[in-house]
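This report refers to the structure that appears directly beneath it.
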2 protein chains.
Amino acid sequence: MTQTADTTGYKEIKQTVLDRIRSGQWLPDMLLPNEQDLAVEFSCTRTTVNRALRELAEEGFLERRRKAGTRVLSAPQRQARFTIPLVREEVEALGGTYRYALVSAQAEQAPDWLAARLALGSDRRVMHVRCMHFSDNTPFQFEDRWIVTASVPPVEQADFSTLGPNEWLIQTVPFTNVELSFLASRADAELAGFLDVTVGEPVFTAERITWLQGSPVTFAKMYFAAGYRMTTRF
Amino acid sequence: MTQTADTTGYKEIKQTVLDRIRSGQWLPDMLLPNEQDLAVEFSCTRTTVNRALRELAEEGFLERRRKAGTRVLSAPQRQARFTIPLVREEVEALGGTYRYALVSAQAEQAPDWLAARLALGSDRRVMHVRCMHFSDNTPFQFEDRWIVTASVPPVEQADFSTLGPNEWLIQTVPFTNVELSFLASRADAELAGFLDVTVGEPVFTAERITWLQGSPVTFAKMYFAAGYRMTTRF
DNA sequence: CGTCTCTTTTTGTGTAGACTTTAATTTTTT
DNA sequence: AAAAAATTAAAGTCTACACAAAAAGAGACG
């Protein structure tokens, strides 16, 4: 006989708690029993209950405060987790053959809007890289990127003719803070040419600012081909 | 040397591990010491090391496999976590005054594309609700939603004149699976009117399909006003 | 009445140890 | 040599207990 009869793992507890919320037994804003009482109910230790409830709080179902206890969140703060893939991986995951092409790469002074956006000081040297990512030779993404020279000095010697700036950066500047935005923009004449769409077409766009320990590293705009959608399930 | 005093919380361990990866002391693909050895190094128990490493793996920095050990991920799978807020809360968080207005609500048969999208069977009854969300009386979002009657029977009696369908659903159907997509669409004449933009304007759009234990509940398209961007930091 | 301090409840985190599960590795058998 | 079986190292989880830290609530005091 397997002992699984009364073994209440933290996963079972999580499931039971979710079921009770779903069934309405525990209503939004309701305070639920404290960990000790639940431990008795599930005949396990408080440690196990703690892990279950902690994870459910992490996942946005519960709110926990010392002394105040644990309560059901009225509007469960469901969070979508988008994995931000490398373009190459995204293309290959969709079954396409990835191809990279450099459009231009040149050292220049950051324009005012960029300097403001990145809070650059007096040193405005940046490397401006523009490139295309293809899937089966059809345009997939146009990338317009600026890399702050002062933050990544070797960028001046980098060769972007075969390796994309994003992959180069990942190898060079391993860990960073990121601000990522999604928006809809309009294809101007140049972008329309790159992405092979008509001028004025809506283009799904991602903007990404990256810092390394507080100092700005790069600003990138990524324009996706027509019909692109970013999807997640949870 | 500073053999780490006795203040080794799991958070400190996480930070130390991250620092070692950043500094290149632990390189991508490198196997790091097992939990027991790290516990000795940090002079704490394996439980504490386990929590630190488990969370770092959860956050996408490490990969852990029983018997195989823990290694540094070569391309850290950084995931963006977007909190999907209620429109009301989003508007209020931006400092605006929220206003809701129902455009239309009527029971109808799901069109073919919707039936296909939701994998509806023979019962195609849906409630089609269209509504506007305003911030300080300027259009913020136009919502076009279908709710599957068979999955949520009380929808036929629901009054959407003052309460938005999303908030109504949250109160009525507590827990669900969700597929969420972001894309850029083009404003047609009607949408342009609702959002007060010119026809053809790019519109940031979110699509959301919701299931309750496998059966489809609702499909919603949410069109955001010009200039909207969805932002996250990590 | 407000505000300050004290108590107490509840979660947060830690220790020490045990058993379980997975799967890489080694050994044995076919 | 290939396949099957045994070994074993590592993470995964649990128990049982302890103390820390936050903060709600109560009481004291001006």
Side-chain angles (χ1 to χ4, degrees), chain A residues 1-18 20-21 26-74 76-77, chain B residues 3-18 20-21 26-74 76-77:
Chain A
M1 198 57 176
T2 49
Q3 288 186 334
T4 47
D6 50 358
T7 51
T8 28
Y10 79 97
K11 286 179 182 167
E12 280 178 73
I13 296 178
K14 284 179 72 172
Q15 197 52 56
T16 305
V17 170
L18 279 179
R20 288 188 186 173
I21 297 173
W26 285 344
L27 293 166
D29 277 334
M30 193 174 131
L31 201 65
L32 44 95
N34 68 38
E35 295 184 346
Q36 189 53 58
D37 292 352
L38 287 173
V40 170
E41 189 200 324
F42 292 118
S43 53
C44 64
T45 54
R46 190 171 77 85
T47 312
T48 303
V49 173
N50 179 274
R51 176 156 182 196
L53 298 189
R54 175 161 39 86
E55 290 193 2
L56 286 172
E58 190 68 25
E59 290 160 29
F61 295 102
L62 302 174
E63 196 211 3
R64 322 192 72 205
R65 267 171 28 242
R66 279 162 157 149
K67 163 75 186 184
T70 302
R71 50 184 69 237
V72 180
L73 273 184
S74 42
Q77 288 263 326
Chain B
Q3 200 49 259
T4 45
D6 43 4
T7 52
T8 28
Y10 79 96
K11 286 179 182 166
E12 281 178 72
I13 296 178
K14 284 178 72 172
Q15 196 52 56
T16 304
V17 170
L18 279 179
R20 288 187 187 175
I21 298 174
W26 286 343
L27 293 167
D29 277 333
M30 191 174 134
L31 201 66
L32 44 97
N34 69 38
E35 294 184 347
Q36 189 52 59
D37 291 352
L38 287 173
V40 170
E41 188 200 325
F42 293 118
S43 54
C44 65
T45 53
R46 191 169 78 85
T47 313
T48 303
V49 173
N50 179 274
R51 177 157 182 194
L53 299 188
R54 174 161 39 87
E55 291 193 0
L56 285 173
E58 188 70 24
E59 290 160 27
F61 295 101
L62 302 174
E63 195 210 4
R64 320 191 76 204
R65 268 173 24 247
R66 279 160 158 155
K67 162 78 185 177
T70 302
R71 51 183 71 236
V72 180
L73 274 184
S74 43
Q77 291 230 157

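This structure is a prediction, so every number in the text was calculated from the model and none was measured.
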Supply the atom-to-atom distance Ser74(B) OG to Met30(B) CE, rounded to the nearest 0.5 angstrom.
14.0 Å
Is there a side-chain contact between Leu38(B) and Ile13(B) in this structure, where contact means two heavy atoms from C-beta onward sitting under 4.5 Å apart?
no
Roughly what angle, to 10°, lies between the helix axis at the start of the helix from dC1(C)-dG30(D) to dT30(C)-dA1(D) and the one at its end, five pairs per end?
20°
Is Asn50(B) close to Tyr10(B) at the side-chain level, that is, under 4.5 Å between some pair of heavy atoms?
no
Within the 4.5 Å heavy-atom criterion, are Leu56(B) and Thr70(B) side-chain neighbours or not?
no
When you measure from the side-chain N and O atoms of Tyr10(A) to the phosphate of dC14(D), is any distance below 4.0 Å, counting only OP1 and OP2?
no
Nearest 0.5 Å, what's the OG1-CD distance between Thr45(A) and Gln36(A)?
9.0 Å
Salt bridge (charged side-chain N to carboxylate O under 4.0 Å, His left out) partners for Glu41(A), two or more places apart
Arg20(A)
Using the test side chain to side chain donor-acceptor pair (under 3.5 Å), find all partners of Arg46(B) that sit at least two apart in sequence or belong to another chain.
Glu35(B)
What pairs of nitrogen or oxygen atoms, one from the protein and one from nucleotides 23-28 of chain C, lie under 3.5 Å apart?
from    : atom 1 : to       : atom 2 : distance (Å)
dA24(C) : OP1    : Arg65(B) : NH2    : 3.0

Measure CD1/Ile13(A) against C1'/dC14(D) and give the value in whole Å, please.
11 Å
Whole angstrom is fine here: how far is it from CZ in Phe42(A) over to P in dT13(D)?
17 Å
Worked verdict on Phe61(A) versus Leu73(A) for side-chain contact (heavy atoms from CB on, under 4.5 Å)
CA-CA 6 Å; Phe61(A) 295 102; Leu73(A) 273 184; over 6 Å; no
May I ask you to test the Arg64(A)-Arg71(A) pair for a side-chain heavy-atom distance under 4.5 Å?
no
Is atom CD of Gln15(B) surrounded by more than 12 heavy atoms (other residues, nucleotides or ligands) closer than 6.0 Å?
yes
Backbone N or O of Glu12(A) within a donor-acceptor pair of the Thr16(A) side chain at under 3.5 Å?
yes
Presence of Lys11(B) side-chain N/O under 4.0 Å of dG12(C) phosphate oxygens OP1/OP2
no
Looking at residues 28-37 of chain B, who's got a heavy atom less than 4.0 Å off DNA chain C?
none
Does any residue of residues 46-57 of chain B have a heavy atom under 4.0 Å from DNA chain D, and if so, which ones, in number order?
Arg46(B), Asn50(B)
Do Val72(B) and Asp29(B) have side-chain heavy atoms sitting under 4.5 Å apart?
no
Look only at the side chain of Thr8(A) and the backbone of Phe42(A), and say whether a donor-acceptor pair between them is shorter than 3.5 Å.
yes
